[in-house]
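See below for the structure under consideration.
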Amino acid sequence: MTSQPSGAPVPRRSFTRRLLATLAAGALVAGIALPATAASAATPSPSPSASTSPSVLTAAPSANGILRPGDALSVVVTVAAGTSPTTAGPVTLSLGSAPLADDASIDRWLSGDASGIALQQIAVGTLDATASGAQSTTTLTAPGTDPALANRGAGVYPVLATSAGLTAPSVVVVPAEAGAQTPIALVVPITAAPLTRGLLTANELAELTAVDGALSAQLDAVDGTAATLAVDPAIPAAIRVLGSAAPPTAVSWLQRLLALPNDRFALQFGDSDVAAQLHAGLTAPLTPTSLQNYMAAADFVQPAPAVSAVSTPAPAASSTPGQPTFPSLSTLLDIGVATPNVYWPATGSAGSDTVAALGTLGSADDPAHVLVPSTSVSGGGRQASARVGGVSTPVYDAEVSRALADAAGQNDSTRRGASLAAAQAYLSIARAATGDQPVLAVLDRGTDRSRVSLRATLGLAATAPGFTASTLRAVVALPASEVSLSTPTIDTARVDEVRDLLGDEQSIDRFASILDQPELLTGRERAELLQVTNVSWTGDAARQAVSDHRAATRTTLDSVGILSSDFRLVSSSAPLRPWVRNDLPWPVTVVMAVRTNDVRLRVQDHTTIDAQASANTRVEVPVEARIANGEVSVDLQLYSPTGVPIGSPQAVDVEVRAEWENIGIVVVIALIVGFLSLGVIRTIARRRRLRAEEASPKAPDDDESVDGIGLKDPDADGRSPAEDADDNETDEQTPRAIASDTEQETRP
């Protein structure tokens, strides 16, 4: 299983293909040839177009390539048809008459260089017609009584299968049964695929530790062997941080790991590239600082049997019932009883300076041990127990280790058999060169390995003729000889990436001061940095992983900021009301600094804000305007309580209308006084008019007749006496009504 970096998925080849491509490139630079099967897997032969691929012939001797006197020689031959199908035809098997002398001659032969090698045909068979993309297999056998097999001395002999212009070189080993047994120590990594997150998730752990999971396959392979385990402590930590929520299969897997009797040592967290860190200027490799961010309180409330079952020692009981008890960092990272201060840099990345820097991290009781390949030793020394500048540097056989890694990564049985035969050949050469001195080999990192391939590879190391199982602890305890290392090939781009990541981490450390628990953020950043620098990240995939992580870091640094807009101030004192945006899953404490260089506005310089998690928090900043109008620019900036700038500064334009409040009050008062005065004046005028009408006498009517004809009675106006009485009563009440109206109008 391959985890994906943060953000967009990163397309990646399998680790085996990346490893083989890297080894093939290094071999070409060094002038070393790879086995034909490995080369074809890593770098296919050129084809006329991108849509075509050639057919491949592979030969795998039985019994892992071991041929004892009197035994028959059986070789499985497989043709894998490419774009074009193959026709049925004969296949022949030939055996070299003389053994191959050393590693270099084996390299040349397996790469297809047959110059100077005499071959004798010993068997003939037939390969069936094969459809495009399919395989056909046959077994060629030479009986033990064949004269070509008789009287062969111990050594590595070339084998060649040929069919229809295709060739498949391989080797068989006639073991030297006499002589003392040679100790062989094998280091096997217990690792997961490289990540960009700090830890594996619960779902990933459940998949990896299932019966058919990759981590389960690794334990199945080493169980019952003497292999020394190189354990990535990030895996036990990923299980323990889940507490009671850890998948049952993961808990069982960790219990099984702790119960294994194998010697072991801890890799860097996330199997981080220690050499790249030192080349980037660090004096010591980075280590995790906190994993608190990955723990939930609900998963650690006592009792939590899943935690105590996989912790050594178990967490102390909570002093307050119902309160969570979190395990310490050392408990989370525990891998069982292990040899301390063992470092395994990426193959070929460590030189004398790296060894010297790591050597200072040891002590008299627990000295440092730095594993280096035999290809890094000047003169190609193969003695496993060695030292450089007084620092223990166990040397592992690069050729044996490469062949073992290739075999472990092959899921096709024929190709795996060819790689196992090559590993057997390199072991035979190593035994002849070292005698009774131990041989150290490593099964380099890889995660796309099947249970069958791993078990077969470790089985070969345990049953190789003339060898007896040993451990890394036994190797480093032997007297060591002083050796010198050649100058390593430094990936300058990788070193620059590590420097960039370290700079980003320092920015996160400063930014995290806005949290009550800065380790929630700084611990996560350190864990992710170590995972991104995993030695299994190579090529374009490594570049993309670093790029994605740096983009995520920039997002984190921008997760707290100011949301604001222009503001109109119409009062002499009113607050500015911006928002503080907090995208982090934790509450933060920030200080908002407000500055203006205009005397028309007086502001509160600093305001402390407790911003809620994953929310926008409203802020009120007191502002006082002076008697003036105009546009005033106000600068806003967030700071941590320790004075670190947070987010980007903001500029807000404030429109000041400070006198509008006083003007509005005056206008309102004037209107009220005006309306009251108008009411009083109208009332007084009406009363005066009524009094004047009452005081004026009535004059006789000129139209009245003297003789009484048509004479109009002054009281006869066509109205009845009752109506006249009503009018009189109304006239008497009118002054009182007018007075009452006047009183109401003048009342405030």
Is it true that [Y] and [X] share a donor-acceptor pair across their side chains at a distance under 3.5 Å?
| X | Y | value |
| --- | --- | --- |
| Ser111 | Asp113 | no |
| Gln383 | Ser481 | yes |
| Tyr157 | Ser97 | no |
| Ser74 | Thr141 | yes |
| Arg416 | Ser453 | yes |
| Asp444 | Thr347 | yes |
| Thr393 | Arg387 | no |
| Thr533 | Asp273 | no |

Is there a donor-acceptor contact under 3.5 Å from the side chain of [X] to the main chain of [Y]?
| X | Y | value |
| --- | --- | --- |
| Asp397 | Val400 | yes |
| Thr375 | Ala398 | no |
| Trp344 | Val370 | no |
| Asn262 | Ala227 | yes |
| Ser216 | Thr209 | yes |
| Ser428 | Gln424 | no |
| Thr162 | Thr167 | no |
| Arg264 | Leu257 | yes |
| Ser401 | Val442 | yes |
| Ser132 | Pro85 | no |

Shortest non-hydrogen contact from [X] to [Y]?
| X | Y | answer |
| --- | --- | --- |
| Arg455 | Ala221 | NH1-O, 2.9 Å |
| Val475 | Ala185 | CG2-CB, 3.9 Å |
| Ala226 | Thr471 | O-CG2, 3.8 Å |
| Leu186 | Leu458 | CD2-CG, 4.0 Å |
| Pro465 | Arg431 | O-NH1, 4.3 Å |
| Pro394 | Val476 | CG-CG1, 3.4 Å |

Should [X] and [Y] count as side-chain neighbours, where that means a heavy-atom distance under 4.5 Å?
| X | Y | answer |
| --- | --- | --- |
| Asp107 | Tyr426 | yes |
| Gln120 | Leu95 | no |
| Val355 | Tyr343 | no |
| Thr182 | Asp436 | no |
| Ile335 | Ile190 | no |
| Val388 | Val372 | no |
| Val172 | Leu73 | yes |
| Thr126 | Val91 | no |

>> So, using salt bridge (Lys or Arg N to Asp or Glu O under 4.0 Å) as the criterion, who are the partners of Asp220 when residues are at least two apart?
In response: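 Residues passing salt bridge (Lys or Arg N to Asp or Glu O under 4.0 Å) with Asp220: Arg256, Arg451.
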>> Is there a side chain to side chain donor-acceptor pair (under 3.5 Å) between Ser55 and Thr86? Walk through the geometry before answering.
In response: CA-CA 8 Å; Ser55 299; Thr86 63; 5.7 Å; no
> How far apart are the C-alpha atoms of Ser136 and Asp128, what are their side-chain angles, what is the distance that settles it, and do they pass the side chain to side chain donor-acceptor pair (under 3.5 Å) test?
Replying inline: CA-CA 6 Å; Ser136 293; Asp128 296 334; 5.5 Å; no
>> Using side-chain contact (heavy atoms from CB on, under 4.5 Å), reason through Gln135 and Thr58 one step at a time and then give a plain yes or no.
In response: CA-CA 11 Å; Gln135 290 186 350; Thr58 306; over 6 Å; no
Between atom [atom1] of [X] and atom [atom2] of [Y], what is the distance when rounded to the nearest 0.5 Å?
| X | Y | atom1 | atom2 | result |
| --- | --- | --- | --- | --- |
| Arg473 | His369 | CZ | NE2 | 9.0 Å |
| Leu229 | Thr339 | CG | OG1 | 10.5 Å |
| Ile184 | Leu440 | CD1 | CG | 8.5 Å |
| Leu205 | Leu200 | CG | CG | 5.0 Å |
| Asn64 | Leu427 | CG | CG | 10.5 Å |
| Asn534 | Asp271 | CG | CG | 5.0 Å |

>> Could you walk me through whether Val231 and Phe265 satisfy the side-chain contact (heavy atoms from CB on, under 4.5 Å) test, starting with their C-alpha distance in whole Å, then the side-chain angles of each, then the deciding distance to 0.1 Å, before giving a yes or no?
In response: CA-CA 6 Å; Val231 183; Phe265 64 89; over 6 Å; no
>> side-chain contact (heavy atoms from CB on, under 4.5 Å) for Leu160 and Leu93? Distances and angles first, verdict last.
In response: CA-CA 6 Å; Leu160 183 67; Leu93 181 67; over 6 Å; no
>> Go through it in stages, so that I can follow the logic: the residues are Leu404 and Leu460, the test is side-chain contact (heavy atoms from CB on, under 4.5 Å), and I'd like the CA-CA distance, side-chain angles, deciding distance and then a yes or no.
In response: CA-CA 9 Å; Leu404 291 174; Leu460 177 140; 4.0 Å; yes
> Do NZ/NE/NH1/NH2 and the carboxylate oxygens of Arg108 and Asp103 come within less than 4.0 Å?
Replying inline: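 Asp103 and Arg108: not salt-bridged.
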> Between Asp406 and Gln410, does a side chain to side chain donor-acceptor pair (under 3.5 Å) hold up when you go through it step by step?
Replying inline: CA-CA 6 Å; Asp406 184 34; Gln410 296 289 354; 3.2 Å; yes
